[in-house]
Amino acid sequence: MQNDHAYMTERQRPNPEITPASLIGLPRTIHLVPLDHVAGFDIRPGFYEEHGATAIPGGVNFTVHSRGATSIELLLFRRMADEPFAILPFPEHYRIGNVYSMIVFKLNIEEFEYAYRVDGSYEPERGLIFDKTKYLLDPYAKAVTGQSKWGSTPSGGKTYKARVVKDDFDWGNFRSPLIPIEDLVIYELHVRGFTNDKSSGVFHPGTFAGLKEKLPYLLELGVNVVELMPIFEFDEMQDYRVVDGQELYNYWGYNSVSFFAPNTSYAASTEYNREGNELKQLIQEFNRNGIEVFLDVVFNHTAEGNEKGPFFSFKGFDNNIYYLLTPDGHYYNFSGCGNTLNCNHPIVRQMILDCLRYWVTTYRVDGFRFDLASILGRNGDGSPMNEPPLLEALAFDPILGDIKLIAEAWDAGGLYQVGTFPSWNRWAEWNGRYRDDMRRYIKGDEGMAQAAARRIAGSQDIYADGRHTNASVNFITCHDGFTMYDLFSYNSKHNEKNGWNNTDGANDNNSWNCGTEGETNDPEILTLRKRMVRNSFALLMCSRGIPMFLAGDEFCNTQFGNNNAYCQDNLTSWLDWNRLETHRDIFEFFKFMIRFRKEHRVLRVNMSDGACGYPDVSFHGVTPQIEQFEFYDRYLGVMFAGKAAHEKPDIVYIASNAYWETLEAKLPELPPPLRWQIAADTWESGDQKRKWPEVQNNRIQIQPRSVIVLTTRT
């Protein structure tokens, strides 16, 4: 209700602590402001371009939008209360276009939570399902309440509400490492699973703080990127069930509830109205020590699912805008999770761009890996687009200019774009063909040597459109599938504990159990399995492109044959740090190969001039310069040659024998005084600092199922 006599100048308003974030959008001049009164609060029209809820001097600005709404109400709750203590309808004249904005004065951000109710048409066949009885979570919420303790809230059993976050974190003279993309070594991990087992030895298991405690370990290992599996607020209770006495959760977190809010259950302490500070401390400390932090982001679907799923946010604001719908109003399911976000609708596109900018400016995130990224290139009818506006906007956005963008270039709807993902030379891709070809070659499949050689050389046959080799993120293992140890311990998946009769998870694992399925005490099989792990990592670290591996592979972590452990919040998915001592030799080998990669730029960058009369990259059979892939289809030799600092040659030769018999290989001739020198031999499990035997007459004996890496010396 308008009150013409109620005025308050900017100077007369209560003036709490002012931070740079609180000044966004404030008027530049002091002027008289007419006030309205609603539900006992003084209000006035707000800042229409400032989405979400923002603390300002004297109050809080609430801005929300809906194209189909006929009215919107702001609901205020006491902390953790189920019912609101105040309901504030947005006055009609507080609406400009489809945007509703209101400043509510004299609100203490530490004393309330908020949600919305939205009214509008109910015509499901047109995708309109407005329901004014539903409490809705702000799509731009910076913190979400209700699940701060892991597993504490049944899915759909309690309303999601938001808090206003006070962004007063002191970054000091912070500067991101800005590591060149060709120098990255990516380490993929799950925040909870990385330290939740007591064997981790941290004080704050399963949290951002616990991960930060492992910084010395990561520095010793040598990785320079940690890629965090989803840390957006998600519903771990989705599909909660008990199977054979074991509680199963949506552990991985690929079911976003809020794109702007960190998962509060990953914080070691409750951070009322300062949610995210512990994550900021983690990123700040990692960056100070030269480790970048990437986020695995899920913009392809939400936790609201299909018609049978919960109704807590996007469905209630504009269901027919946020989701891809069939002509009769049902949900397209290109994600395999019930719904598909309508990413190239201008409203959704802007939200995603706003979200990524927020994580970069507020959290200083260094890069993003986009889950099922092919969905981000689909049109409103689900068809693929040649130049998707969302992907183009992210590629050229100024704030994201230094940020690494990585696509999982496929989706559950059958769209596979490895090598063809729209990139503008800005996007890298998870190279699924690298994984598949290398797995088949390493385990000894016939006829795979040529494909493996091409993958090691940077997959230039895949990225033949002029994209550099850094377009390829090379991996043999990731969260989705077997661990590296299990890859050589199981012929088949063993997902019975997931409760789906072993029907879930991929069947085409290209794995090999080395002679016995699963656990064994046979020393010969155990020795072979560890050698196969060394083979895999040696080839990964000697491949052009960006290497990535799964946390725990460096000490033979196992998931006991489960290749889809998305629901296993237990030792199946948690790292067992006891294995670090058991398999210390593997850890030392991983350290050595990471260091070796960093020492040899020729492994990371195309050297167009080559060196010593050899091209930048060349393929060899057991006879140099004769590829012989058809005859020796399980042996490959790949040589990289370039100029290092001071014009010294930098040459690395990778000899790989996937046969079960010893082979003799002749190495390419070197100009005097250069001679070949063995840098690593996976047949041996001892100290990699050992003195290797001299290479005589340019010939090497390469043992069965092993890899030898050579460099030059004078």
Side-chain angles (χ1 to χ4, degrees), residues 25 46-54 61-72 74 90 94-102 115-121 123-124 126-131 134 136-142 162 232 256-261 297-304 311-327 329 331-332 334-335 339-359 370 373 375-383 385 387-397 399-400:
F47 305 122
Y48 290 83
E49 296 180 356
E50 187 67 21
H51 298 297
T54 308
N61 180 79
F62 297 91
T63 301
V64 67
H65 59 80
S66 172
R67 184 174 183 179
T70 56
S71 66
I72 297 181
L74 170 66
F90 282 83
Y94 281 37
R95 172 178 176 173
I96 296 179
N98 301 320
V99 180
Y100 299 73
S101 190
M102 175 169 56
Y116 293 104
R117 285 198 303 219
V118 180
D119 199 4
S121 298
E123 303 175 63
R126 296 178 53 208
L128 303 175
I129 55 173
F130 290 99
D131 186 344
K134 298 288 188 181
L136 301 180
L137 177 67
D138 182 356
Y140 278 74
K142 306 303 190 297
F232 290 176
S256 302
V257 165
S258 177
F259 298 117
F260 291 79
V297 293
V298 186
F299 290 113
N300 55 76
H301 75 285
T302 77
E304 287 189 304
F311 185 128
F312 60 78
S313 183
F314 306 96
K315 286 180 178 179
F317 280 101
D318 275 315
N319 180 64
N320 62 333
I321 286 177
Y322 284 103
Y323 296 113
L324 290 180
L325 302 179
T326 65
Y331 296 89
Y332 280 117
F334 299 117
S335 68
N339 64 48
T340 306
L341 213 60
N342 189 8
C343 295
N344 284 291
H345 188 285
I347 295 297
V348 184
R349 184 169 76 234
Q350 186 62 51
M351 180 189 69
I352 294 173
L353 181 58
D354 289 343
C355 179
L356 296 175
R357 285 179 161 189
Y358 175 75
W359 285 100
F370 294 79
I375 284 176
L376 277 64
R378 289 187 181 269
N379 209 337
D381 61 1
S383 61
M385 307 174 75
E387 295 186 351
L390 172 60
L391 300 181
E392 183 179 31
L394 301 184
F396 291 101
D397 184 74
I399 286 181
L400 305 181

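- Remark: Tyr331 engages Tyr323 in a ring pair (Phe, Tyr, Trp, His ring centres under 6.0 Å) (not counting sequence neighbours).
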Report the C-alpha distance between Tyr94 and Val99 in whole Å, list the side-chain angles of each, state the deciding distance to 0.1 Å, and finish with yes or no for side chain to side chain contact (heavy atoms under 4.5 Å, CB included). CA-CA 8 Å; Tyr94 281 37; Val99 180; over 6 Å; no
Show your reasoning for whether side chain to side chain contact (heavy atoms under 4.5 Å, CB included) applies to Thr302 and Leu341. CA-CA 7 Å; Thr302 77; Leu341 213 60; 3.8 Å; yes
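- Checked by atom type and distance alone, the side chain of Asp138 never pairs as donor or acceptor with a backbone atom of Tyr116 at under 3.5 Å.
- For the pair Lys315 (side chain) and Glu304 (backbone), a donor-acceptor distance under 3.5 Å is present.
- Rounded to the nearest 0.5 Å, atoms NE2 (His301) and OG (Ser256) are 6.5 Å apart.
- For the atom pair CZ of Arg95 and OG of Ser71, the computed distance is 9.5 Å after rounding to the nearest 0.5 Å.
- What you find for Ser66 and Phe130 is that their closest heavy atoms are OG-CE2, 3.8 Å.
- Looking at heavy atoms from C-beta onward, Ile347 lies out of side-chain contact with Arg67 at the 4.5 angstrom threshold.
- Note that CG of Asn339 and OH of Tyr332 are 14.0 Å apart. Values are rounded to the nearest 0.5 Å.
- Here the closest non-hydrogen pair linking Ala303 and Val257 is CB-CG2, 4.1 Å.
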What verdict does the side chain to side chain contact (heavy atoms under 4.5 Å, CB included) test give for Phe317 and Val64, after you've listed the backbone C-alpha separation in whole Å, the side-chain angles of each residue and the deciding distance to 0.1 Å? CA-CA 9 Å; Phe317 280 101; Val64 67; 3.3 Å; yes
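- Looking at Ser335, its side chain never comes within 3.5 Å of a backbone N or O of Asn300 through a donor-acceptor pair.
- Smallest separation of non-hydrogen atoms from Ala69 and Val118: CB-CG1, 3.4 Å.
- One finds the SG atom of Cys343 at 10.0 Å from the CZ atom of Phe370 (value rounded to the nearest 0.5 Å).
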Is there a side chain to side chain contact (heavy atoms under 4.5 Å, CB included) between Phe311 and Ile129 once you walk through the steps? CA-CA 10 Å; Phe311 185 128; Ile129 55 173; 3.8 Å; yes
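- By the 4.5 Å heavy-atom criterion applied to side chains, His65 and His51 are counted as neighbours.
- Below 30°, between 30° and 60°, or above 60°: for Trp359 and Phe232 the angle between ring planes is below 30°, a parallel geometry.
- Atom CG of Asn379 is separated from atom CG of Leu324 by 8.5 Å, given to the nearest 0.5 angstrom.
- In this structure, the side chain of Glu50 does not engage the main chain of Thr63 through any donor-acceptor pair within 3.5 Å.
- Taking the six-membered ring where tryptophan is involved, the planes of Phe259 and Phe314 are tilted, since the angle between them lies from 30° to 60°.
- Scored by the salt bridge (charged side-chain N to carboxylate O under 4.0 Å, His left out) test, Asp397 finds Arg357 as partners (sequence neighbours excluded).
- Between Val348 and Asn342, the shortest heavy-atom contact is CB-O, 3.2 Å.
- In this structure, Arg126 CZ and Leu128 CG are separated by 5.0 Å, a value rounded to the nearest 0.5 Å.
- Nearest approach of Ala141 to Ser258, heavy atoms of both residues: O-OG, 3.3 Å.
- A donor-acceptor pair under 3.5 Å is formed between the side chain of Asn61 and the backbone N or O of Phe47.
- In this structure the side chain of Cys355 reaches within 4.5 angstrom of the side chain of Phe299, judged on heavy atoms.
- A 4.5 Å side-chain heavy-atom check between Leu353 and Ile399 finds every atom pair outside the cut-off.
- Residues Val297 and Ile352 form no side-chain contact, since every pair of their non-hydrogen atoms from C-beta on lies 4.5 Å or further apart.
- Listed by chain and residue number, Asn344, Arg349, Met385 satisfy the side-chain contact (heavy atoms from CB on, under 4.5 Å) test with Pro389 (two or more places apart in sequence, or in another chain).
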